[in-house]
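Only one structure is covered here, and it is reproduced in the block below.
Below, all heavy atoms of this structure are taken into account, side chains as well, without hydrogens, waters or symmetry copies. Order of appearance sets the numbers: ligands from 1, and atoms from 1 within every ligand.
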Amino acid sequence: MSTVITGASGHLGRLVVDQLLAAGTPSARIVATGRDVGTLTDLAQQGVTVRRADFADPTTLEDAFAGADAMLLVSTTTVGERFENARNAIDAAVRAGVSRIVYTSLVNASTARMTLADEHRRTEDYLRESGSAFVVLRNGWYLENYTDQLPMITQYHALLGSGQDGLVSAAGRSDLAAAAVAVLTQDGHLGATYELGGTPFTLTELAATISDVLGTPIAYRDMSVADYTATLTAAGLPPQMAAAVADADAGLARGELFTASEDLVKLIGRPATTAYEAFQHAVTVEQS
Ligand SMILES: NC(=O)c1ccc[n+]([C@@H]2O[C@H](COP(=O)([O-])OP(=O)(O)OC[C@H]3O[C@@H](n4cnc5c(N)ncnc54)[C@H](OP(=O)(O)O)[C@@H]3O)[C@@H](O)[C@H]2O)c1
């Protein structure tokens with residue numbers, strides 16, 4: 001029997017496939033799916049089964065999931081269509097006989113009021129009622145959401161946001177992938193909902209961390225949600241995405257991206273990557 005990893009053409013799904021292979025899962029027991037299988041060619045060359053799966057096109061899904069006993073369902077990027085996408089994938093997985101579905105949700109999805117939480121909450125509810133055995137991985141805000149801003153941070157000597165003094169338990173994608181590998185490869189996780197976060201920090205503390213790494217002062221500049229949305233849009237983010245990111249920062253200010261849970265460290269069996277380490281790595285990559 002095999003394990004399907006959806007979104008394998010994306011950052012998180014790809015890390016999960018790579019870590020499954022590194023942990024010794026035979027490539028023949030991994031099915032990697034994406035909308036464009038051309039992006040998965042190198043995995044096919046390693047013996048991984050590669051199949052097309054577009055959650056917006058249910059006709060592609062049952063064949064894509066056939067023969068699998070477990071599935072990592074990576075939430076899609078299409079905000080506003082994510083619930084329908086996930087519902088199509090869950091229905092197809094159940095029809096295909098997949099017996100365990102692991103879903104990547106968002107930290108505090110059941111209580112957070114930010115817009116992004118809504119489709120995750122609906123998907124979790126649908127999965128729980130699907131009859132399938134499940135695990136919910138409520139992934140924390142990515143550290144990469146901040147390291148990806150490095151060029152802008154160095155250009156303006158500032159980190160921008162609307163998070164006020166809220167704490168964010170951000171975590172690196174690689175650690176979140178390792179948590180997914182743990183629940184896919186170990187017994188004892190079925191029915192669990194894990195809140196996965198790293199060491200919490202405020203955005204003012206993050207700016208100080210970035211200052212330490214760069215050796216130059218970086219300030220945190222807090223803005224209204226409207227101003228932050230406009231700034232992100234002017235920087236090139238699609239308007240809907242800019243609004244969602246700024247709205248998430250308003251949620252951060254309300255504590256919705258904070259968790260005191262130790263679930264991530266317990267699942268991966270080592271300390272989570274810190275913001276300092278993530279920025280050190282990002283600077284090294286930028287300089288290479
Ligand atoms: N916690 C956070 O801070 C945070 C931040 C950003 C995103 N997220 C969520 O976490 C997910 C994984 O993150 P990531 O960094 O791996 O994102 P990513 O690199 O953008 O990858 C997203 C994956 O979703 C796939 N996808 C999008 N629409 C799809 C559809 N209709 N049917 C099937 N697959 C579809 C993409 O496939 P294609 O290659 O075909 O586009 C891609 O493989 C995201 O999709 C998003 O839901 C979380």
Side-chain angles (χ1 to χ4, degrees), residues 4-19 31-41 43 50-61 64-65 71-93 102-109 112 114-124 136-149 161 163 168-177 179-180 194-198 232 237-238 240-242 244-245 247-249 251-252 256-259 264 272-273 275 278:
V4 175
I5 310 300
T6 75
S9 50
H11 293 90
L12 184 69
R14 175 63 194 229
L15 285 166
V16 172
V17 174
D18 287 346
Q19 292 186 23
V31 179
T33 75
R35 285 183 295 189
D36 175 7
V37 288
T39 61
L40 303 170
T41 308
L43 289 177
V50 162
R51 294 181 187 151
R52 179 168 180 271
D54 181 351
F55 294 180
D57 179 3
T59 61
T60 62
L61 300 180
F65 303 155
M71 177 168 86
L72 177 68
L73 173 53
V74 174
S75 56
T76 60
T77 36
T78 38
V79 176
E81 296 168 19
R82 280 169 159 172
F83 171 68
E84 280 75 17
N85 287 169
R87 187 180 58 192
N88 289 342
I90 291 166
D91 288 349
V102 179
Y103 174 63
T104 65
S105 181
L106 178 68
V107 71
N108 299 318
M114 69 175 70
T115 312
L116 287 177
D118 183 58
E119 292 186 291
H120 287 299
R121 185 165 47 240
R122 292 171 66 200
T123 302
E124 287 189 13
V136 173
L137 299 175
R138 288 187 176 162
N139 286 351
W141 209 230
Y142 295 156
L143 280 171
E144 287 81 356
N145 295 344
Y146 299 114
T147 54
D148 286 352
Q149 295 177 40
V168 52
S169 304
R173 276 199 197 91
S174 183
D175 290 342
L176 295 169
Y194 292 118
E195 301 279 359
L196 303 178
L232 291 170
L237 235 63
Q240 193 194 17
M241 187 52 74
V245 169
D247 176 72
D249 253 22
L252 189 165
E256 294 173 12
L257 292 176
F258 167 78
T259 178
L264 180 61
T273 305

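- Distance CZ/R14 to CG/L40: 7.5 Å, rounded to 0.5 Å.
- In terms of protein heavy-atom proximity, atom 33 (C) of ligand 1 is closest to A53 O, 3.4 Å.
- Of the polar atoms of L12, at least one N or O is found under 3.5 Å from an N or O of ligand 1, judged by distance alone.
- Note that CG of L264 is 10.0 Å distant from OG of S169, once rounded to the nearest 0.5 Å.
- Atom 41 (O) of ligand 1 has R35 NH2, 2.7 Å as its closest protein atom, hydrogens excluded (heavy atom only).
- Taking only nitrogen or oxygen atoms, main chain and side chain alike, G13 does not reach within less than 3.5 Å of ligand 1.
- Contact between T104 and ligand 1 is absent, with no heavy atom of the residue lying under 4.0 Å from the ligand.
- Where the criterion is an N or O separation shorter than 3.5 Å, residue side chain and backbone included, H11 meets it with respect to ligand 1.
- Distances from ligand 1 to the non-hydrogen atoms of G34 include no value under 4.0 Å.
- Using a 4.5 Å cut-off on side-chain heavy atoms (C-beta onward), V31 and R51 make contact.
- Here the side chains of W141 and L116 are in contact, with some heavy-atom distance below 4.5 Å.
- The protein non-hydrogen atom at the shortest distance from atom 32 (N) of ligand 1 is F55 N, 2.9 Å.
- Taking 4.0 Å as the cut-off, G140 counts as a neighbour of ligand 1 on heavy-atom distance.
- Counting heavy atoms closer than 4.0 Å to ligand 1, residue T6 contributes nothing at all.
- When each atom of ligand 1 is checked for a heavy atom of D54 under 4.0 Å away, the hits are 30 (C), 31 (N), 32 (N).
- Put simply, the side chain of E124 never gets that close to the backbone of V136: no donor and acceptor are under 3.5 Å apart.
- In terms of protein heavy-atom proximity, atom 29 (C) of ligand 1 is nearest to T76 CG2, 3.4 Å.
- Scanning all protein heavy atoms for the shortest distance to atom 25 (C) of ligand 1 gives G7 CA, 4.2 Å.
- The N/O atoms of Y142, backbone and side chain alike, include one that comes under 3.5 Å of an N/O atom in ligand 1.
- Side-chain atoms of V107 and L257, non-hydrogen and from C-beta on, do get closer than 4.5 Å to each other.
- Taking distance alone, with nitrogen or oxygen atoms compared against 3.5 Å, R173 approaches ligand 1 more closely than that limit.
- Note that CG of L106 and CG of D118 are 11.5 Å apart. Values are rounded to the nearest 0.5 Å.
- The option with the heavy atom closest to atom 9 (C) of ligand 1, from among A177, S75, S9, is S75.
- One distance of note links CD of E195 with OG of S105; it measures 8.0 Å at 0.5 Å rounding.
- Of all protein heavy atoms, the one closest to atom 20 (O) of ligand 1 is T77 CG2, 3.3 Å.
- The closest side-chain heavy-atom distance from T78 to E119 is not below 4.5 Å.
- Each of the following atoms of ligand 1 lies closer than 4.0 Å to a heavy atom of V74: 11 (C), 12 (C).
- Taking CG of L73 as the reference point, atom OG1 of T104 lies at 6.5 Å (rounded to 0.5 Å).
- Within ligand 1, the atoms closer than 4.0 Å to a non-hydrogen atom of W141 are 1 (N), 2 (C), 3 (O), numbered from 1 in the order shown.
- A tilted orientation is assigned to the rings of Y103 and H120, their planes being inclined by 30° to 60°.
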From CA spacing to verdict: side chain to side chain contact (heavy atoms under 4.5 Å, CB included), Y142, D148: CA-CA 10 Å; Y142 295 156; D148 286 352; over 6 Å; no

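- Taking a 4.0 Å cut-off on heavy atoms, T39 fails to register as neighbouring ligand 1.
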Trace of the side-chain hydrogen bond (donor to acceptor under 3.5 Å, both in side chains) decision for T273 with D175: CA-CA 7 Å; T273 305; D175 290 342; 2.9 Å; yes

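- Regarding atom 21 (O) of ligand 1, its nearest protein heavy-atom neighbour is G10 CA, 3.3 Å.
- Using a 4.0 angstrom heavy-atom cutoff, R82 counts as in contact with ligand 1.
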